[in-house]
Amino acid sequence: MADPSSYRPSPGQIPDSPGVYRFRDEHRRVIYVGKAKSLRQRLANYFQDLAGLHPRTRTMVTTAASVEWTVVSTEVEALQLEYSWIKEYDPRFNVKYRDDKSYPYLAVTMNEEFPRVQVMRGHKKKGVRYFGPYAHAWAIRDTVDLLLRVFPVRTCSAGVFKNAARTGRPCLLGYIGKCSAPCVGRVSADEHRELADDFCDFMAGRTGTYLRRLEKQMKAAAEEMEYERAARLRDDIEALKRAMEKNAVVLADATDADLIAVAEDELEAAVQIFHVRGGRVRGQRGWVTDKVEEITTGALVEHALQQLYGEEKGDAVPKEVLVPALPDPVEPVQEWLTERRGSNAALRIPQRGDKKDLMETVQRNAQQALVLHKTKRASDLTTRSRALEEIAEALDLDSAPLRIECYDISHLQGDDVVASMVVFEDGLQRKSEYRRFQIKGRVGDTQIWHGAGQDDVRSMHEVIARRFKRYLAEKEKTGEWADGEELKDDDGRPKRFAYPPQLVVVDGGQPQVAAAKKALDELGIDDIAVCGLAKRLEEVWLPDEDDPVVLPRTSEGLYLLQRVRDEAHRFAITYQRTKRAKRFRSSPLDDVPGLGDARKQALLKHFGSLKKLRSATIDQICEVPGIGRKTAETIAVALAQAAPATPAVNTATGEIMEEEPGTMDSSGEPVTMGAPDERRGQET
């Protein structure tokens with residue numbers, strides 16, 4: 001724990017101007033990012049008597065070891081830079097909202113030649129128009145099913161689309177009139193895009209104009225006695241009205257607005273957002289966050305606005321944003337919203353009427369979300385804490401292992417030997433910090449064992465030695481011990497393997513544990529605990545112990561160790577299979593320098609197989625377009641030096657196939673044959 005006075009800048013060093021500041025810990029990790037209208041006044045608040053600080057702020061300043069700042073010209077620039085740095089560094093003491101669920105969106109892929117309507121989750125993609133989010137995916141599908149009658153836009157995947165284009169037959173939706181079937185040329189790309197534009201306009205709330213147009217067309221068809229067409233238009237109008245009824249009218253003046261409500265207590269806060277378009281609620285979402293510092297409701301609203309609109313532009317930012325409290329100061333935030341939208345965007349507190357009533361509804365949703373989250377979180381935190389305490393007690397550790405690293409070895413009958421490293425912090429996965437290794441039989445310039453094979457013990461020794469040798473190198477560079485996985489450079493970007501865990505878990509029994517412990521001893525590391533979890537009886541093995549530690553089957557600590565071990569095994573197997581598949585897809589032509597994919601395909605298409613290419617003369621190889629004599633000579637040498645591939649076997653008949661991998665299929669395209677399923681062998 002650092003004394004803030006040890007790194008406090010002198011008052012004359014801090015400029016009295018707008019800017020963004022970063023607190024770093026002793027390992028140079030950014031732990032807090034903030035902005036200020038006056039850097040001098042804001043930073044002075046952090047270096048007062050510790051007794052006068054909020055408990056969470058006190059924890060932050062005592063965890064930090066340095067502070068730095070960047071001066072900007074305006075408060076809007078400070079807001080933008082603060083958002084960018086929070087996204088880049090993910091500081092542990094900043095307010096970070098977490099979605100309480102992964103919300104589905106209705107997406108229209110306008111970046112494709114033939115736009116597709118589909119349900120999407122996760123990060124938004126460029127060139128795709130999104131509507132929502134919705135509470136349930138089935139609600140999107142019900143709405144789309146009604147709208148496809150009027151806007152028959154493509155909904156099929158790329159594979160189905162290409163197959164229909166190849167066969168000349170549309171899918172079922174094309175036959176029943178719910179797809180315009182651009183795959184078979186019933187409409188052109190421009191006509192299909194117009195349908196997609198109309199679909200997007202309707203979903204964006206511009207419904208009145210389109211309904212009036214359809215009603216006018218229906219009356220005109222009836223007057224011209226085209227009764228079938230008039231009936232179809234009538235049904236289209238009814239379908240659109242049914243789709244509109246799924247979203248109740250909440251604001252009579254067809255307002256486009258987002259309403260944000262906050263429910264909070266001393267420790268946590270929940271945010272609920274209602275997206276209103278055309279006077280109707282078009283989407284709803286919620287976030288929760290830990291209050292890691294003393295923060296006002298206005299500041300929570302400001303962080304919510306940053307997360308909500310930080311990646312958005314144009315119409316995705318509404319004309320009006322209604323909030324329970326305004327940020328202080330409000331002008332930079334309002335100017336930032338206007339800049340994101342490209343036109344005026346108002347930020348205000350609703351005072352009366354329908355908007356105030358709707359805000360009360362959003363507030364009730366936020367309050368319910370906070371209660372539900374606290375109920376779930378209490379159980380989850382209690383379980384994880386108990387698991388870590390049980391592990392510390394069973395392994396006789398000084399404290400709970402807040403960071404656990406687990407290692408596993410995987411291979412196929414001694415080939416493609418790989419290792420995985422997974423990281424759990426506070427009992428939760430940290431997938432961004434996973435690492436994987438190719439086992440080479442050496443650490444740095446030192447050969448530690450010879451030959452490949454199914455020796456998991458020596459492989460474990462190698463991977464532990466390599467991982468912690470990197471750690472020692474970073475320690476020597478910085479001159480200090482670290483305590484997480486990623487040390488960061490002066491610009492805050494992560495380095496690898498720079499922080500030690502409190503506990504190393506290996507997948508295996510006594511031999512693997514001994515190998516891991518030996519690797520740490522050879523490097524002079526004696527403050528990291530090691531244990532192994534054997535699969536057969538789920539026994540926990542410790543170094544230099546003849547008997548294992550047996551945890552109760554109902555133990556939360558054992559359950560956590562099993563999760564860590566199983567995740568390491570999954571990660572190792574996935575990498576090993578990827579590496580194996582890549583090896584099976586290799587070809588002698590891959591080793592020819594300067595020979596790209598296009599010329600490889602031209603060679604295989606010309607000769608039909610590698611066998612025929614290998615028997616060809618240099619003059620015959622030169623006949624292939626794009627292949628000169630020098631390249632032909634290089635190809636001939638490479639094929640002569642490469643051992644002939646093992647012939648493929650038809651597993652159904654036992655017949656040995658004469659052609660090598662690289663033969664042609666019925667369409668004249670080269671085919672690369674993979675390994676038969678029977679060659680899976682033993683995976684460990």
Measure across K125 and Y130 and return the closest heavy-atom pair with its distance rounded to 0.1 Å.
N-OH, 2.8 Å
Among E522, K517, K518, whose side chain to side chain donor-acceptor pair (under 3.5 Å) with H461 holds?
E522
Do D456 and Q512 have side-chain heavy atoms sitting under 4.5 Å apart?
yes
With S399 via side-chain hydrogen bond (donor to acceptor under 3.5 Å, both in side chains) - residues at least two apart:
none
Any side-chain heavy-atom pair of P501 and R467 under 4.5 Å:
yes
Decide yes or no for L43 and P9: does some side-chain heavy atom of the first lie under 4.5 Å from some side-chain heavy atom of the second?
no
Rounded distance [0.5 Å steps], CZ in F274 versus CG in N365:
4.0 Å
Geometric class of the Y407/F468 ring pair [parallel <30°, tilted 30-60°, perpendicular >60°]
tilted
Distance check, rounded to the nearest 0.5 Å: Q367 atom CD versus Q272 atom CD?
11.0 Å
Specify whether F23 and F47 have parallel, tilted or perpendicular ring planes, treating 30° as the upper limit for parallel and 60° as the lower limit for perpendicular.
tilted
So, taking the atom named NE2 in H569 and the one named OG in S420, what distance separates them when rounded to the nearest 0.5 Å?
9.0 Å
Could you check whether any side-chain heavy atom of D408 comes within less than 4.5 Å of a side-chain heavy atom of V422, counting everything from C-beta outward?
no
Separation of L533 CG from D507 CG (nearest 0.5 Å):
7.5 Å
W85 vs T70 side-chain heavy atoms within contact, under 4.5 Å:
yes
Any side-chain heavy-atom pair from D398 and Q502 closer than 4.5 angstrom?
no
A side-chain contact here means heavy atoms from C-beta on lying under 4.5 Å apart; do E567 and K431 qualify?
yes
Go through the steps to decide whether D546 and Q510 satisfy the test side-chain contact (heavy atoms from CB on, under 4.5 Å), and finish with yes or no.
CA-CA 8 Å; D546 295 330; Q510 201 170 21; 4.1 Å; yes
Donor-acceptor pair, distance only, cut-off 3.5 Å: does the side chain of R565 make one with the backbone of C406?
no
Are any side-chain N or O atoms of E433 and backbone N or O atoms of F424, one a donor and one an acceptor, separated by less than 3.5 Å?
no
Kindly check if the number of other-residue, nucleotide or ligand heavy atoms within 6.0 Å of CD (E393) is above 12?
no
Smallest separation among heavy atoms of A419 and V463, with atom names:
CB-CG2, 3.8 Å
I would like to know whether R470 and R435 meet side-chain contact (heavy atoms from CB on, under 4.5 Å); could you show each step before the answer?
CA-CA 13 Å; R470 290 286 299 274; R435 298 290 180 263; over 6 Å; no
Under the ring pair (Phe, Tyr, Trp, His ring centres under 6.0 Å) rule, collect the residues that match up with Y575, sequence neighbours excluded.
none
Heavy-atom pair with the smallest gap, counting every atom of I86 and P91:
O-CD, 3.7 Å
Steps toward side-chain contact (heavy atoms from CB on, under 4.5 Å) verdict (H275, L308):
CA-CA 11 Å; H275 303 278; L308 191 58; 4.2 Å; yes
Partners passing side-chain hydrogen bond (donor to acceptor under 3.5 Å, both in side chains) against R8 (at least two apart in sequence or in another chain)
none
What pair of heavy atoms forms the shortest contact from L503 to P401, and how long is it?
CB-CB, 3.9 Å
Is it the case that the side chain of E26 and the backbone of A65 share a donor-acceptor pair, with hydrogens and angles ignored and the cut-off at 3.5 Å?
no
Closest approach of A534 to G509 (non-hydrogen atoms, all atoms of both residues):
CB-CA, 4.3 Å
Who passes ring pair (Phe, Tyr, Trp, His ring centres under 6.0 Å) against Y559, sequence neighbours left out?
none
Between L395 and V540, does a side-chain contact (heavy atoms from CB on, under 4.5 Å) hold up when you go through it step by step?
CA-CA 9 Å; L395 305 186; V540 180; 3.8 Å; yes
Flag, side chain of D426 to backbone of L428, donor-acceptor distance under 3.5 Å:
no
Contacts of Y309 that satisfy ring pair (Phe, Tyr, Trp, His ring centres under 6.0 Å) - sequence neighbours left out
none
Restricting to side-chain contact (heavy atoms from CB on, under 4.5 Å), what partner residues turn up for Q48, sequence neighbours left out?
N45, L53
From CD1 (I464) to CG (L523), nearest 0.5 Å
10.0 Å
Closest non-hydrogen contact found for E556 with E390 is N-OE1, 3.0 Å
Distance check, rounded to the nearest 0.5 Å: F93 atom CZ versus I31 atom CD1?
5.0 Å
Any non-hydrogen side-chain atom of E539 less than 4.5 Å from a side-chain atom of W541?
yes
Using a strict cut-off of less than 4.0 Å between a Lys/Arg side-chain nitrogen and an Asp/Glu carboxylate oxygen, indicate whether R28 and E68 qualify as a salt bridge.
yes
